[in-house]
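What follows is a short report on a single structure.
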Amino acid sequence: MRDKLYINGEWVAPLEGGALPVINPATEEVFHYIPAGTAPDAEVAVAAARAAFDHGPWPRMTGVDRAKILRAMAEGIRSRLPELTRLEVMDNGKPIPEAEWDLTDAAGCFDFYAGLAEELDGEVEEIALADGRFTSKAVREPLGVAVAIVPWNYPLLMASWKVAPALAVGCTMILKPAETTSLTALELGVIADEAGLPKGVLNILSGKGSIVGQALIDHPLVDKVAFTGSGPVGSRIMAAGAKDIKRISLELGGKSPFIVFADSDIEKAVEWIMFGIFWNQGQVCSATSRVLVERSLYPALLERLVAETKKIRIGDGLEPGVLLGPLVNKGQYEDVKRHIARAVEQGATVACGGKRPEGFEKGYYLEPTILTDLPLDSGAWVEEIFGPVVCIRPFDTEEEAVRLANDSRLGLAAAVMSADDERCERVAAAFRAGIVWINCSQPTFTEAPWGGYKESGIGRELGRWGLDNYLETKQITRFTGKEPWAWYLKG
Ligand code: NAP
Ligand code: MG
């Protein structure tokens, strides 16, 4: 079914668009084609999602019944794990263990929101009013038709972070995967169908963001857009939503700091710094790409970090034992190389990496890279690179480290490592970021809120906070007074 769009429970050919090639970044070969949805397909999909919301069973079912279908979707992902893993690796380039991890997490996300769907049933908050002639209560309702636009770094997982909570509360949805990685998202249509999701509740439109994505965010019958991706597209979505006051949630990446104090265990510091930037080829919105190390530890830590980084096994994600695959596509590969070249022009020292690894004729491979001596206003220190590139510098005082960490227009994540728990708590409180890790970097849990401060976004995904993106709150107030209101009719 991966060559058709999934609209209103049917697999249909795009009305006007043709097919887009899918390239394996490890080999640069086309191994698949996906359908290129355009504006007329968006029109049909929005109408289907609108009808399913306004007249269909989904928003009117109990949470307990919706949960059964969400759990079947979780099971559908799990039962296809080897097949989906292979697709995700060939589509995105990530090594097998990472793809397995992501897909298992995606299944867990459907299970988690199934649990919350059950709890939502009958959730009513009685409100104590000062005026005893009235009683009031607040209820929560699904907000309507939601669009999810997702990036290529965690293809099915980023889709699940949006689809699972939206469906849990009773919204209907149109999912637009990234053009570079649409295969597992399209497979979610097969899974939804098998799970018994009613027609039109989930619609999946692959195609170009600038065409089908734009048509979706501009559509007046869409109530909500949930987006993960770049800042410029995030701004465009807010602007499009401003016309008709769409609900918008955005997750736009970061330039996240990792402060390492000198009392840290050097081996643990090296491990978490590496995990913080090289996992998923560094194509991680929360990657801790700016590392600040207390000066007395800096030389020894840098030496260990360079030595371990050089040992990372690079290769096709399908090969067992590989820990760093190719970057996702040619554009991203060229972009990251440009960032490194500019960093060098601006005074950076390349402590290791910075180039294509030897022995690779094909594929978008780049060595894991450590940059030092960066001026604080250089592009590489300030801008998100979104590749396996870490910038590292020494600091002298806690105050300086926190100031440098917070000196960014972005504020998605931040990490701190120290043997001193009080210091960790103090620094965690001082960080201007939505996600803070102490003595680690990156572990992400479905139960905990995810999202950024400042220009890293608006709103929170995951946990019970993730439901707020798809709910409206309604107050229902009743007049119970014994005496007439007597404003106009004074008797
Ligand atoms: P992007 O352009 O923001 O793409 C994200 C999603 O938005 C894709 O599905 C894209 O579709 C869609 N899109 C693009 N233009 C659109 C429009 N006018 N209307 C509606 N949807 C639109 O990001 P990218 O080009 O893939 O990556 C560029 C940079 O974004 C990266 O280098 C990185 O800095 C950042 N990024 C951040 C995250 C994150 O997790 N926060 C993830 C990925 C990338 P197409 O794929 O068809 O263009
Ligand atoms: Mg793009």
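One-based numbering, in listed order, for ligands and for the atoms of each.
Only the backbone of L252 comes within contact range of ligand 1, with a heavy atom under 4.0 Å; no side-chain atom does. At a heavy-atom distance under 4.0 Å, only backbone atoms of V150 (N, CA, C or O) approach ligand 1. Proximity of E251 to ligand 1, defined as any heavy-atom pair under 4.0 Å, is shared by backbone and side chain alike. When heavy-atom distances to ligand 1 are checked against a 4.0 Å cut-off, Q283 has no atom that comes that close, whether in backbone or side chain.
In this structure, K224 forms a cation-pi arrangement with Y470, its terminal cationic atom sitting closer than 6.0 Å to the ring centre and no more than 45° off the ring axis. A cation-pi contact, defined as under 6.0 Å to the ring centre and within 45° of the axis, links R393 to W381.
Of the candidates G213, G209, P177, it is G209 that places a heavy atom closest to atom 17 (C) of ligand 1. The closest heavy-atom contact to atom 11 (O) of ligand 1, among the options H339, E383, K176, K208, comes from K176. Residue nearest to atom 46 (O) of ligand 1, selected from E384, Q332, E179: E179 (by heavy-atom distance). Nearest to atom 27 (O) of ligand 1 by heavy-atom distance, out of F386, W152, F227, is W152.
Those atoms of ligand 1 with a heavy atom of G207 less than 4.0 angstrom away are 47 (O).
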Identify all side-chain donor-acceptor contacts of residues 455-468 below 3.5 Å with residues at least two apart in sequence or on another chain.
{"from": "E455", "atom 1": "OE2", "to": "R409", "atom 2": "NE", "distance (Å)": "3.0"}
{"from": "E455", "atom 1": "OE2", "to": "R409", "atom 2": "NH2", "distance (Å)": "2.8"}
{"from": "S456", "atom 1": "OG", "to": "G253", "atom 2": "O", "distance (Å)": "2.6"}
{"from": "S456", "atom 1": "OG", "to": "G411", "atom 2": "N", "distance (Å)": "2.9"}
{"from": "S456", "atom 1": "OG", "to": "L412", "atom 2": "N", "distance (Å)": "3.1"}
{"from": "R460", "atom 1": "NH1", "to": "G452", "atom 2": "O", "distance (Å)": "3.2"}
{"from": "E461", "atom 1": "OE1", "to": "K162", "atom 2": "NZ", "distance (Å)": "3.3"}
{"from": "E461", "atom 1": "OE2", "to": "K162", "atom 2": "NZ", "distance (Å)": "2.9"}
{"from": "D468", "atom 1": "OD1", "to": "R140", "atom 2": "NH2", "distance (Å)": "2.7"}

List the atom pairs, donor and acceptor, that lie under 3.5 Å between side-chain atoms in residues 163-176 and the rest of the protein, sequence neighbours left out.
{"from": "T172", "atom 1": "OG1", "to": "A49", "atom 2": "O", "distance (Å)": "2.8"}
{"from": "K176", "atom 1": "NZ", "to": "G207", "atom 2": "O", "distance (Å)": "3.0"}

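Aromatic pair F112/W161: ring centres not closer than 6.0 Å.
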